[in-house]
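If you read the sequence from its start, that first residue is 1, and numbering goes on from there.
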Amino acid sequence: MSNEQYLIVSYFTVCAGCSMVALGVYVWLKGSLHLTLQAFSKKNFSRVLGKLFFVGIVLPALVGFFSVTYKSCSKDVYEEVIADRSYLIERNREQVATSLQHIIGAVIVWSVIVGAGLCLFREH
């Protein structure tokens with residue numbers, strides 16, 4: 001497989017993998033979020049949070065993935081980017097790491113949002 005083919009295949013494979021991890025986190029936390037949102041007195045607020053949860057987990061993962069660029073100071077043109085397979089592998093690893101960091105950040109933000117919602121809108 002040439003480096004150009006590797007770039008194309010690995011790019012879409014890593015994108016699909018990051019998306020699947022984000023989807024897995026969503027599915028894993030969806031039930032807990034639903035149970036927690038039932039404690040809210042403002043049902044419209046809990047409904048909005050429930051609907052935004054999918055986007056709030058998957059979108060940060062994709063933003064993290066797409067934020068990694070293949071260009072750098074030393075590799076400015078396409079031919080220089082695909083010339084070194086180890087550079088492509090390094091970019092793939094960076095895409096995975098950045099995507100996972102964004103997923104972790106999204107989970108933390110959602111924890112704060114739900115925690116604040118519980119403090120403000122909890123049924124007594």
Modelled atom types, side-chain donor and acceptor of Q95 and Y11, under 3.5 Å: no
Answer whether the closest heavy-atom distance between the side chains of L29 and L33 falls below 4.5 Å. no
Between F53 and L35, is there a shared hydrophobic cluster once you connect ILVMFWY residues whose side-chain heavy atoms come closer than 4.5 Å? no
Atom CZ of R47 and atom CG of L37: how far apart are they, to the nearest 0.5 Å? 11.0 Å
Compare every heavy atom of L62 with every heavy atom of S19, then report the nearest pair and how far apart it is. OG-CD2, 3.4 Å
Measure the CG-OH distance between L7 and Y78 for me, rounded to the nearest 0.5 Å. 5.0 Å
Trace of the side-chain contact (heavy atoms from CB on, under 4.5 Å) decision for L49 with W110: CA-CA 9 Å; L49 286 181; W110 273 99; 3.7 Å; yes
Rounded to the nearest 0.5 Å, what's the gap from CD1 on I103 to CD1 on I108? Could you check? 12.0 Å
With a 4.5 Å heavy-atom cut-off, do F45 and L120 have their side chains touching? no
Under a 4.5 Å side-chain heavy-atom rule over Ile, Leu, Val, Met, Phe, Trp and Tyr, are I113 and I57 clustered together? yes
Given the rule that I, L, V, M, F, W and Y join up when any side-chain heavy atoms are under 4.5 Å apart, are I104 and V63 in one cluster? no
State, with a plain yes or no, whether a side-chain heavy atom of Y6 is found less than 4.5 Å away from one of N92. yes
Under 3.5 Å, is there a donor-acceptor pair between the side chain of H102 and the main chain of T98? yes
Would you say S99's side chain and A61's backbone share a donor-acceptor pair under 3.5 angstrom? yes
So which heavy atom on M1 is nearest to which on R85, and how close? O-NH2, 2.7 Å
Quick one: CD on Q101 to OG on S67, what's the gap to the nearest 0.5 Å? 9.0 Å
Hydrophobic clusters here meaning ILVMFWY residues chained together by side-chain heavy-atom distances under 4.5 Å, can you tell me if V21 and V107 are in one? yes
Quick one: pull up OG1 in T69 and CD in E94 and give me the separation to the nearest 0.5 Å. 9.0 Å
Validation row: L88, Y70 side chains within 4.5 angstrom (heavy atoms): yes
How long is the straight-line distance from SG of C18 back to CZ of F65, given to the nearest 0.5 Å? 6.5 Å
